[in-house]
Amino acid sequence: MTDLAIVWFRRDFRLADNPALDHARKHHQRVLPVYIHDPEVLGNWAPGAASRWWLHHALADLAERLDDRGAPLVLREGAAGDELARLVEETGAGAVYWNRLYEPAIVERDTTIKSDLKGRGLDVESFRAALLFEPWELLRDGERFYKVFTPYWKRMQADWRAVSSRPEPRELTGPSEVPDSVSLDDLALLPDIDWADGLRDRWEVGELAGRRRLDHFVDDGVADYENERDRPDHRGTSSLSPYLHFGHVSPVQVVEALEPSGELPGGKGPLGFVRELAWREFSTLLLFHNPDLPDTPMQEKFADFPWRTREDYADDLETWTRGRTGVPIVDAGMRELWHEGWMHNRVRMIVASYLTKNLLIPWQEGAKWFWDTLVDADLGNNTQGWQWTAGCGADAAPYFRVFNPELQADKFDPDAAYIHRWCPELEGLDLKQLKKLDDAERRRRGYPPMQVDLKASRQRALDAYQAIKG
DNA sequence: CAAACATTTCA
DNA sequence: GAAATGTTT
């Protein structure tokens, strides 16, 4: 067995419960941690601006933590396969380990890299770290993947196996000579114009910050999760999504925090939260088995859907992105997104329904905006979420389900607290008053007029769906 | 008879 | 999930 192993970090920015790192440390005397910046691999879906902001700080955090343990992180830029081959030559490493990702383009790249490195006689292994179950496990009749969430979720519960996290290494030994590294600033991940104030206020990036978030949620939040998770005014969700996306926190760690034995958590709140983790896994498997999913509707009949044309909708799209649609709950959500790089899930559904149904703008436009602005932007989750609301996904909402933003506010923001937080122009107005706010009062307060009539635009969406049914 | 609540329909 | 329709108070 060779002395030195490369641990290739990708989106697993943690030392605790990191299977690739744990394996390297157990079987080799020295460990060389590497991150290779290779945004090209995802083509049109290279990380957006908010994601890159998070990535910058995630790398800084990981580098610091690895330094503390004695194995400095090497940063490289370029095609991952070339850089790994170069590093193997430079260092004489005998092994390369990493944790698996599931975006089809990444899978394809990694498969090639694995066989190349094996061809050079290296010990190469990848590990499951980002999911509880692989996308090729839990198949119907052992061959076909699930296309409907509920049976998938039942199956996951039935096939549950106790999870167990891997220990965090206290000490690591780096290579005797550390190879060249580019600097973090060279990667130019931060925006040229600093718009990240709101993100900085809202998010603390890093492994320990993620674990604090998790602990806090488990101590105070998860018990009431089923009642509170739909309440943007109460911040009833976990806020773990970016930490899970970047692997500061693993789903195994989440399960163990909820249920130390690693068995399926009992209790309404904890089980409800694991169900949301199952949605995350379901979205990942849908993308894994359908490489076109980010751009193409899963239901074929939607290829002919009469969306408005780009030149027709361009202005309305921009109004939506800026949070100036004149629909309070929609504008509140879009402003939260712009300011904090995040939006409450209930509100994501509301603004997505509004864009695709009331504005009749293709879901891909919404997906792209979210991709650029969310710190938790995840190709599987984002794609699945948009296809679900648009009605064209695998297990989508029925096409006639058009959210009424006013009724949604009645149910989920009854005191308009969330609306007031993001739309200060509307201060002092309750939901009843907001519903009959006339143009003169809107103008006086500097709040935009209604972009569309909710009733008429709803009917237009239903008529559009009529055109493709069959 | 209006209001509150429950059920059905929408493909 | 919303709106229309039906049922109860």
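To find a chain, count down the sequence lines: A is the first, B the second, and so on, and within it residues start at 1. Hydrogens, waters and symmetry mates play no part in the numbers below; they use all other heavy atoms, side chains included.
Cation-pi geometry between R346(A) and F412(A) is satisfied (NZ or CZ under 6.0 Å from the ring centre, within 45° of the ring normal). Geometrically, R202(A) engages W342(A) in a cation-pi contact, judged by NZ or CZ lying under 6.0 Å from the ring centre and within 45° of the ring axis. Geometrically, R155(A) does not engage W153(A) in a cation-pi contact defined by less than 6.0 Å to the ring centre and at most 45° from the axis.
Proximity of residues 403-411 of chain A to DNA chain C (heavy atom under 4.0 angstrom from any strand atom) is restricted to F403(A), N404(A), L407(A), Q408(A), K411(A).
If you check every strand for non-hydrogen atoms under 4.0 Å, Y465(A) touches nothing.
For the pair L462(A) CG and dA4(C) C1', the computed distance is 13 Å after rounding to whole Å. Between F302(A) atom CZ and dA11(B) atom C1' there is a gap of 11 Å when expressed in whole angstrom units. Going from atom CD of Q459(A) over to atom P of dG1(C) covers 20 Å, rounded to whole Å. Following rounding to the nearest Å, Y399(A) (OH) and dA2(C) (P) show an atom-to-atom distance of 16 Å. A straight line from NZ of K357(A) to P of dA11(B) spans 14 Å, rounded to a whole angstrom. Rounded to a whole Å, the CG atom of D463(A) is 11 Å from the P atom of dA11(B). Between the CZ atom of R458(A) and the P atom of dG1(C) there is a distance of 13 Å, given to the nearest Å.
When ring centroids are compared, F282(A) and F133(A) stay outside the 6.0 Å threshold.
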Let me check something: any side-chain donor-acceptor pairs from residues 189-198 of chain A under 3.5 Å, sequence neighbours excluded? List them with distances.
unit_1: D194(A); atom_1: OD1; unit_2: A196(A); atom_2: N; d: 3.0
unit_1: D194(A); atom_1: OD2; unit_2: R200(A); atom_2: NH2; d: 2.8
unit_1: D197(A); atom_1: OD1; unit_2: R200(A); atom_2: NH2; d: 2.8

- Task: Output, in order, the C-alpha distance, side-chain angles, deciding distance and verdict of side-chain hydrogen bond (donor to acceptor under 3.5 Å, both in side chains) for S165(A) and D17(A).
- Result: CA-CA 5 Å; S165(A) 63; D17(A) 193 36; 4.8 Å; no
